[in-house]
Amino acid sequence: RKLSQEIGVREQVERKIKESEELFRAVFEQTGGACMILRPSDSGIPTILDVNNIACKVHGYSKEEMIGRPVADLDDEEGKKLCIERTKTIMSGKPLAIETNHVRKDGSIFPVAVYSNIVQFEDKPPIIVTTEFDITERKQAEEALREIKDQLQTSIDNMPTAYILWDTDLNVLEWNKAAERIFGYSKEEMLGKNPVDYIVPEDARHLVTDILKKLQVGDVAAYSEKDNNIRKDGEIISCQWINTPLGDKDGNIFSILTV
């Protein structure tokens, strides 16, 4: 009877182990990223123990081709140089979260976000579990946005009229080349400062400040005015101002645009 009980307990344990393995495999395969299980090696470069289908697909290899391969084979040249150092970080118990480039079987390079950590079982050597996401579309969107911002900045810099962008505390966020030319102050001199203290004659500052306060709360009636201004060299000039409060879809003002 005792033997029968031991067999029954063993079968229960084996069944639970099998269920856990099946659950792990389901999560491993169905996660949205490319998952790999790595075995640390004496060389400092882990080898691939297992991969899910997404990892095979994004890298262009079959599972058989990936298993047993040094993980650095998937890195670009820069990643290969950093592989050992990154592995040391993971093995020290610190999770690794980086953006790097991987190389497909066909030689093409693509950007990935990588999240890796060490997993230690009671009676087994440690392994490294890594999940990676192809971030090509995000990088392309970032590059497109960067190009748009560069084009916008070039347009602002080359406008024939002064372009001044204020934050909600009435300090300068943007001061273009025409503003530099008209008022004599460089962009570096004006960023983060309230230009009222520099380009508005002292006896008119309270009036201009009142107008700006109205703009701060979205009062578009204060959009246009003609004022005397003062250059850095003390010369008085007359300027026509057009002011626009900028806000989000809920009407919250986040800056004021003046040309």
Side-chain angles (χ1 to χ4, degrees), residues 11-150:
E11 288 176 346
Q12 288 180 356
V13 171
E14 290 175 350
R15 185 164 58 252
K16 287 185 178 298
I17 291 173
K18 183 179 180 182
E19 289 173 354
S20 296
E21 289 176 345
E22 290 175 350
L23 177 61
F24 172 78
R25 175 56 58 181
V27 173
F28 188 65
E29 289 295 346
Q30 295 177 31
T31 184
C35 291
M36 293 186 285
I37 298 175
L38 312 177
R39 177 176 58 209
S41 69
D42 293 338
S43 70
I45 299 176
T47 55
I48 300 173
L49 278 177
D50 199 2
V51 294
N52 68 358
N53 291 329
I54 296 177
C56 296
K57 182 177 179 180
V58 298
H59 291 97
Y61 291 99
S62 67
K63 181 170 289 192
E64 292 72 24
E65 289 175 314
M66 291 191 76
I67 292 176
R69 180 182 294 272
V71 72
D73 284 4
L74 306 178
D75 289 322
D76 66 358
E77 290 305 315
E78 184 65 21
K80 291 182 192 298
K81 296 176 185 176
L82 297 172
C83 185
I84 292 177
E85 193 63 35
R86 289 169 174 171
T87 302
K88 287 180 180 178
T89 299
I90 298 168
M91 296 304 293
S92 72
K94 297 178 181 177
L96 183 72
I98 58 170
E99 291 186 4
T100 186
N101 291 318
H102 273 191
V103 182
R104 298 186 181 92
K105 183 179 179 179
D106 63 10
S108 59
I109 297 174
F110 65 104
V112 290
V114 180
Y115 305 90
S116 302
N117 209 345
I118 187 173
V119 176
Q120 178 74 63
F121 296 102
E122 288 184 5
D123 57 346
K124 294 184 179 180
I127 59 173
I128 296 171
V129 177
T130 179
T131 304
E132 305 170 359
F133 298 91
D134 184 342
I135 55 173
T136 300
E137 291 185 1
R138 197 195 83 194
K139 288 292 185 181
Q140 290 173 342
E142 289 175 352
E143 180 60 28
L145 180 59
R146 189 158 38 246
E147 289 179 2
I148 292 171
K149 290 175 70 175
D150 288 345

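The structure displayed is predicted, hence computed values, not measured ones.
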Should Lys57 and Asn53 count as side-chain neighbours, where that means a heavy-atom distance under 4.5 Å?
no

Given side chains that start at C-beta, do those of Arg69 and Tyr61 come closer than 4.5 Å, heavy atoms only?
yes

Considering only heavy atoms from C-beta outward, does the side chain of Thr136 approach that of Pro111 to under 4.5 Å?
yes

Measure the CG-CD1 distance between Leu38 and Ile48 for me, rounded to the nearest 0.5 Å.
6.5 Å

Please find the pair of heavy atoms, one from Val71 and one from Cys83, that lie closest to each other, and give the distance.
CG1-SG, 4.1 Å

Hey, does the side chain of Asp50 reach the backbone of Lys63 with a donor-acceptor pair shorter than 3.5 angstrom?
no

Should the ring pair Tyr115 and Phe133 be called parallel, tilted or perpendicular, given that the plane angle runs from 0 to 90° and is split at 30 and 60?
perpendicular

So, do Thr130 and Val114 sit near enough that their side-chain heavy atoms are less than 4.5 Å apart?
yes

Over all heavy atoms of both residues, which pair between Gly33 and Thr131 is shortest? Give the atoms and the distance, please.
CA-CG2, 4.2 Å

Intermediate values then yes/no, side-chain contact (heavy atoms from CB on, under 4.5 Å), Thr87 and Glu85
CA-CA 5 Å; Thr87 302; Glu85 193 63 35; over 6 Å; no

Is any side-chain N of the basic residue among Glu99 and Arg138 closer than 4.0 Å to the acidic one's carboxylate O?
yes

Heavy-atom distance under 4.5 Å between the side chains of Ile98 and Arg86, does that happen here?
yes

Measuring only between side-chain heavy atoms, which start at C-beta, is Met66 closer than 4.5 Å to Cys56?
yes

Among Ile128, Leu74, Ile67, which residue meets the side-chain contact (heavy atoms from CB on, under 4.5 Å) test with Met36?
Leu74

Of all the heavy-atom pairs spanning Ala72 and Ile45, show the shortest one and how long it is.
CB-CG2, 3.7 Å

Is the backbone of Cys35 close enough, under 3.5 Å, to the side chain of Asn52 for a donor and an acceptor to pair up by distance?
yes

Looking at side-chain heavy atoms only, is the closest gap between Ile127 and Ile37 below 4.5 Å?
yes

Minimum heavy-atom distance between Pro46 and Ser41, given as atom pair plus value
N-OG, 4.3 Å

Hey, does Lys94 have a side-chain heavy atom less than 4.5 Å from the side chain of Ile90?
no

Working to the nearest 0.5 angstrom, can you tell me the gap between Leu145 CG and Gln140 CD?
13.5 Å

Pairwise distance OG(Ser116) to CD(Glu132) - rounded to 0.5 angstrom
6.5 Å

In sequence, state the C-alpha distance, the side-chain angles, and the governing distance for Asn101 and Asp75, and then conclude on side-chain contact (heavy atoms from CB on, under 4.5 Å).
CA-CA 6 Å; Asn101 291 318; Asp75 289 322; over 6 Å; no

Distance (rounded to the nearest 0.5 Å) between Glu142 CD and Arg146 CZ:
6.5 Å

For Lys105, salt bridge (charged side-chain N to carboxylate O under 4.0 Å, His left out) partners two or more places apart
Glu65

So that I can tick it off, tell me whether Glu77 and Lys80 are bridged by a salt bridge, with the cut-off set at under 4.0 angstrom between side-chain N and carboxylate O.
no

Atom CD of residue position Gln120 - does it have more than 12 heavy atoms of other residues, nucleotides or ligands inside 6.0 Å?
yes

Can you tell me how far apart CD1 (Ile118) and OG1 (Thr89) are? Round to the nearest 0.5 Å.
11.5 Å

Between atom CG of Asp76 and atom NZ of Lys81, what is the distance when rounded to the nearest 0.5 Å?
9.5 Å

